[in-house]
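For reference, the structure is listed below as structure tokens.
Chain identifiers are assigned alphabetically (A, B, ...) following the order of the sequence lines, protein sequences preceding nucleic acid strands; residue numbering begins at 1 within each chain. No experiment lies behind these values; they were computed from the predicted model shown.
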Number of protein chains: 2
Amino acid sequence: MSEPGKIPSDLSKDRLRVWLRMLKVTRMIEAELRERMRQSWDITLPRFDVMAALRRADAGMKMSDLSGVLRVSNGNVTGIVDRLEADGLAERRSVEGDRRAMRVLLTAQGREMFDEMAAVHELWVDELFSPIGAQGLSTVHTRLGRITEKLEAED
Amino acid sequence: MSEPGKIPSDLSKDRLRVWLRMLKVTRMIEAELRERMRQSWDITLPRFDVMAALRRADAGMKMSDLSGVLRVSNGNVTGIVDRLEADGLAERRSVEGDRRAMRVLLTAQGREMFDEMAAVHELWVDELFSPIGAQGLSTVHTRLGRITEKLEAED
DNA sequence: TTGATTTGTTTCAAGTATGAAATTTTCATA
DNA sequence: TATGAAAATTTCATACTTGAAACAAATCAA
């Protein structure tokens, strides 16, 4: 980046390049993880993401909380939870005091399966990110953090 | 990252944290770009991506080249090109010498529309990445590059 | 040459994703 | 206490996505 002969004020092109590379890396890693999950447990990434969110919430989460945390649409979550429920990994319970809302939580089976998957998932990510050491991780983490701050501040 | 009291050998958790953050940032930016594109030109991100790939190839690209470059499945590209073609933005031509293959290229209208969109798109990305300066861009770019190298070497 | 494999594309079923509309329930307030 | 706005979820139409299967055409080997 910013080679010798280049006008430094042209950050715009560099930002575009970084964005395209980030998009590429993210897609490659997602593809790799998706494939491994499919092979290992016949599960999809969206289902795993929902289970990960639910695992942290002992009391369960409302549908709208789920779509908020995962940043996907409400209707989307409805379908994924439907399928998790059909597989016996999650369940919907009513929220006392509000008959509109639903509380979703993992079943015992769902928790057990997620814990098993999460451990392996962490190993995979460690492997895929192995070219980046502690130094690089720190830099990338803080730089990306600035972007989320900015985006979250805009709401 | 790697705070004072922390055992440095536990890079695994840091890598997971960085991956999760990267996923989050990528999704936020994609959501933002998708929304703006929808509002401005009633176009989707996948269509824009295909047009971007085609714009660089004056002679057009084969369907399989497209899916290779964009890292999406063959069947996926079929649908997106179908819709671009229906909108008069791209067209399929036969490849002389190989009756199986198809050459896809932008129409004049497609090129014109893409150039207009690309200019604005670059401004948006510049804005969204504005919290990262030249220094940070460079670091992030090279770190992410190592990951793609590793992943591409594995094929 | 012919048969087998490979290549390029499309089709298909299932799942993921969006944004908008529809439903039901809650809540504020006049 | 009506009643209108806001909130929580589902439903819907449309589009994207995958992996597998189907198909046709090209290539390669016996």
Side-chain angles (χ1 to χ4, degrees), chain A residues 23 26-28 30-51 60-87 89-104, chain B residues 23 26-28 30-51 60-87 89-104:
Chain A
L23 204 48
T26 302
R27 284 180 184 169
M28 289 178 88
E30 274 192 304
E32 187 67 32
L33 293 175
R34 171 176 43 247
E35 175 65 9
R36 293 186 187 188
M37 287 196 179
R38 196 176 63 86
Q39 299 280 350
S40 302
W41 306 292
D42 191 28
I43 201 171
T44 64
L45 233 28
R47 277 168 164 86
F48 180 82
D49 289 345
V50 167
M51 290 178 81
M61 296 176 78
K62 289 195 302 181
M63 295 296 282
S64 46
D65 294 337
L66 264 179
S67 56
V69 168
L70 302 176
R71 291 160 203 286
V72 297
S73 63
N74 279 336
N76 192 358
V77 172
T78 297
I80 296 172
V81 169
D82 283 351
R83 285 179 285 264
L84 284 177
E85 205 164 17
D87 289 346
L89 299 171
E91 61 178 325
R92 280 175 171 91
R93 287 192 198 158
S94 53
V95 171
E96 71 282 21
D98 190 341
R99 280 182 300 170
R100 296 168 302 178
M102 283 297 192
R103 204 157 44 96
V104 191
Chain B
L23 204 48
T26 302
R27 284 180 183 170
M28 289 178 89
E30 274 191 304
E32 187 66 31
L33 293 176
R34 170 175 45 247
E35 174 64 8
R36 293 186 187 189
M37 287 197 179
R38 196 176 63 86
Q39 300 280 349
S40 302
W41 307 290
D42 192 28
I43 201 171
T44 65
L45 232 28
R47 277 167 163 87
F48 180 82
D49 289 345
V50 167
M51 291 178 79
M61 297 175 77
K62 289 196 303 180
M63 296 295 283
S64 46
D65 295 336
L66 264 178
S67 58
V69 167
L70 301 176
R71 288 159 204 289
V72 298
S73 64
N74 278 337
N76 193 357
V77 172
T78 296
I80 297 173
V81 170
D82 282 351
R83 285 179 286 266
L84 285 177
E85 207 165 15
D87 289 347
L89 299 171
E91 60 178 324
R92 281 175 171 92
R93 290 195 196 156
S94 54
V95 171
E96 72 281 24
D98 190 341
R99 279 181 301 167
R100 297 167 304 178
M102 282 300 193
R103 205 157 44 97
V104 190

Does any non-hydrogen side-chain atom of B:R36 lie less than 4.5 Å from one of B:E32? yes
Ignoring backbone atoms, establish whether B:R99 has a side-chain N or O less than 4.0 Å from OP1 or OP2 of D:dA26. yes
Calculate the interatomic distance between A:D98 atom CG and C:dT23 atom P; express it in whole Å. 20 Å
Roughly, in whole Å, what's the span from CG in B:L66 to C1' in C:dT7? 17 Å
Where along residues 40-48 of chain A does a heavy atom fall under 4.0 Å from DNA chain D? none
How would you label the contact of B:E35 with the nucleic acid (heavy atoms, under 4.0 Å): base, sugar-phosphate, or nothing? sugar-phosphate
Take atom CG of B:D49 and atom P of D:dC16, then tell me their distance rounded to the nearest Å. 11 Å
Would you call A:R27 and B:V72 a side-chain contact if the rule is heavy atoms closer than 4.5 Å? no
Between atom CG in A:L70 and atom C1' in C:dA17, what is the gap in whole Å? 13 Å
A:V104/A:E85 under side chain to side chain contact (heavy atoms under 4.5 Å, CB included): CA gap, chis, key distance, verdict: CA-CA 9 Å; A:V104 191; A:E85 205 164 17; over 6 Å; no
Would you mind pulling out the nucleotide paired to C:dA17, Watson-Crick or G-U wobble, both distances under 3.5 Å? D:dT14
Whole angstrom is fine here: how far is it from CD in A:E32 over to P in D:dT18? 14 Å
Distance check, rounded to the nearest 0.5 Å: A:L66 atom CG versus A:D49 atom CG? 11.0 Å
Yes or no on salt bridge (charged side-chain N to carboxylate O under 4.0 Å, His left out) for A:D65 and A:R103, after CA distance, side-chain angles and deciding distance? CA-CA 10 Å; A:D65 294 337; A:R103 204 157 44 96; over 6 Å; no
Given atom CZ of B:R93 and atom C1' of C:dG8, what is their separation to the nearest angstrom? 19 Å
Please name the residue in the list B:N74, B:V81, B:I80, B:D82 that meets the side chain to side chain contact (heavy atoms under 4.5 Å, CB included) test with B:T78. B:D82
Expressed as a whole number of angstroms, how long is the span from A:Q39:CD to D:dT18:C1'? 13 Å
For C:dT18, does either OP1 or OP2 sit under 4.0 Å from a side-chain N or O belonging to B:R27? no
Hey, are the side chains of B:L70 and B:V50 touching, using non-hydrogen atoms and a 4.5 Å cut-off? yes
Spacing of A:R38 atom CZ relative to C:dT16 atom P, expressed in whole Å: 13 Å
What nitrogen or oxygen pairs link the protein and nucleotides 9-13 of chain C at under 3.5 Å?
residue	atom	partner	partner atom	Å
C:dT9	OP1	B:M63	N	3.4
C:dT9	OP1	B:M102	N	2.6
C:dT9	OP1	B:M102	O	3.0
C:dT9	OP2	B:M63	N	3.3
C:dT9	OP2	B:S64	N	2.6
C:dT9	OP2	B:S64	OG	2.6
C:dT10	OP1	B:R92	NE	3.1
C:dT10	OP1	B:R92	NH2	3.4
C:dT10	OP2	B:T78	OG1	3.1

Per the side chain to side chain contact (heavy atoms under 4.5 Å, CB included) rule, which among A:R34, A:M37, A:R38 passes with A:I43? A:M37
Residues A:D42, A:R47: salt bridge by 4.0 Å N-O rule: no
Distance test, side-chain N/O of A:R34 to OP1/OP2 of C:dT16, below 4.0 Å: no
